[in-house]
Structures are given as C-alpha cells and as structure tokens.
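First the structure, then my questions, so here it is.
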Amino acid sequence: AGVKEDSFNVLDLAEYTKNRPWWRKVFAPSSGSSAEKYNVATQLVIGGVTGWCTGFVFQKVGKLAATAVGGGFFLLQIANHTGYIKVDWKLVERDVNKAKQQLKFHSSGNKMSPEVKSRVDEVIIFLKKNIILTGGFAGGFLLGMAS
C-alpha cells in the first residue's frame, strides 16, 4: 500500500515577529490606545475602511435574511392555505404568551451578571481610548449600510 507522508512547515511566530518590526508594531499586545501606535489620519482610515466593509456586509446579509424569512413565511402561508400543513393556533398563542412572560421577567430584573458587566466595561474602556478609530468605524459603517 502506498503510504503518503505529509510534511508540514512549522512557523514559530515568536521568531517571526522578532525579525519583523512592522508585525510587532501592528500586533504587539498593548494595553494602550491605538493613538500610541497610529496618527489620527491612519486611525480614521483604518476605522472608516473596516466600518464600511462591516456595514456593506451587514446590509447584504440583512437583505438576504429578510428575503429568506419573508419568503419562508409566505411559503408557510401558502402551504397552510392549500392544506399541506395545519397550524395549531392555540399552541402558537400559548408559546407566544409564554415568551412574553419570560421577556417581562428578564427585563424587570435589569441586572447584568458580573461576567457580562466586566466585558461591557472592557468594551467601553476600549472605545474611550480609541475614540478616533471608533468614530471612523461608525462613519464607515453608516456609509457601508447606505451603499
């Protein structure tokens, strides 16, 4: 039997980054803001481009999702009307009421778990430290959604 032997090249990222200062500059772990690494124009360009790409993808995915949900609902209505399926409306109503009660219960507490609160705090700190990058991303996102 012919045994094929695969050979793999191993890339040691620690050694790779030592020889490439640009790599270290871009991906080095830093607790500081992006203002320490990039000037204002670079931050705006990076934020704007990534925001535009994200907004454009969200727009396309949103249209696709809306079409799929709307088309699925339309097909279910046709199938129900023609008799291919039967909908138990009492069961649907009961499940919707149960979901409403759960939503009321969860929203009345209004308390976040400590893990979620710490993550939210981390995101807020990041956004405050990188306000120019965040602003560029927000503007780019809105442009991407509009295009």
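This structure is a prediction, so every number in the text was calculated from the model and none was measured.
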Quiz item: CE of M145 to NZ of K60: how many Å apart, nearest 0.5 Å?
Solution: 11.0 Å
Self-check item: ILVMFWY network linking W52 to L142, side-chain heavy atoms under 4.5 angstrom
Solution: no
Quiz item: Say you draw a straight line from CG of N80 to CG of L75; how long is it, rounded to the nearest 0.5 Å?
Solution: 12.5 Å
Quiz item: Rounded to the nearest 0.5 Å, what separation is found between the NZ atom of K117 and the CD1 atom of I124?
Solution: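 Result: 7.5 Å between the selected atoms.
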Exercise. Indicate, with yes or no, if W89 and V96 share a hydrophobic cluster defined by side-chain heavy-atom contacts under 4.5 Å among Ile, Leu, Val, Met, Phe, Trp and Tyr.
Key: yes
Quiz item: What is the distance from atom CD1 of I46 to atom CG of L133, rounded to the nearest 0.5 Å?
Solution: 6.5 Å
Quiz item: So, do T54 and F137 sit near enough that their side-chain heavy atoms are less than 4.5 Å apart?
Solution: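 The answer is yes, as the side chains (C-beta and beyond) meet within the 4.5 Å cut-off.
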Quiz prompt | For F58, all residues meeting ring pair (Phe, Tyr, Trp, His ring centres under 6.0 Å), sequence neighbours excluded | solution =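 F58: ring pair (Phe, Tyr, Trp, His ring centres under 6.0 Å) contacts with F141.
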Exercise. State whether the side chain of N130 and the backbone N or O of F126 hold a donor-acceptor pair below 3.5 Å, judged by distance alone.
Key: yes
Self-check item: Partner set under side-chain contact (heavy atoms from CB on, under 4.5 Å) for V69, not counting sequence neighbours
Solution: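 Once residues adjacent in sequence are excluded, V69 has no partner under the side-chain contact (heavy atoms from CB on, under 4.5 Å) criterion.
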Exercise. State which residues pass side-chain hydrogen bond (donor to acceptor under 3.5 Å, both in side chains) with E93; sequence neighbours excluded, sorted by chain then number.
Key: none
Exercise. Enter the distance from I131:CD1 to Q43:CD here, rounded to the nearest 0.5 Å.
Key: 10.5 Å
Quiz prompt | Pairwise side-chain contact, N97 with K100, heavy-atom cut-off 4.5 Å (strictly under) | solution = yes
Quiz item: Can you tell me how far the CD atom of Q77 sits from the CD1 atom of I85, to the nearest 0.5 Å?
Solution: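 So the gap between those two atoms works out to 8.0 Å.
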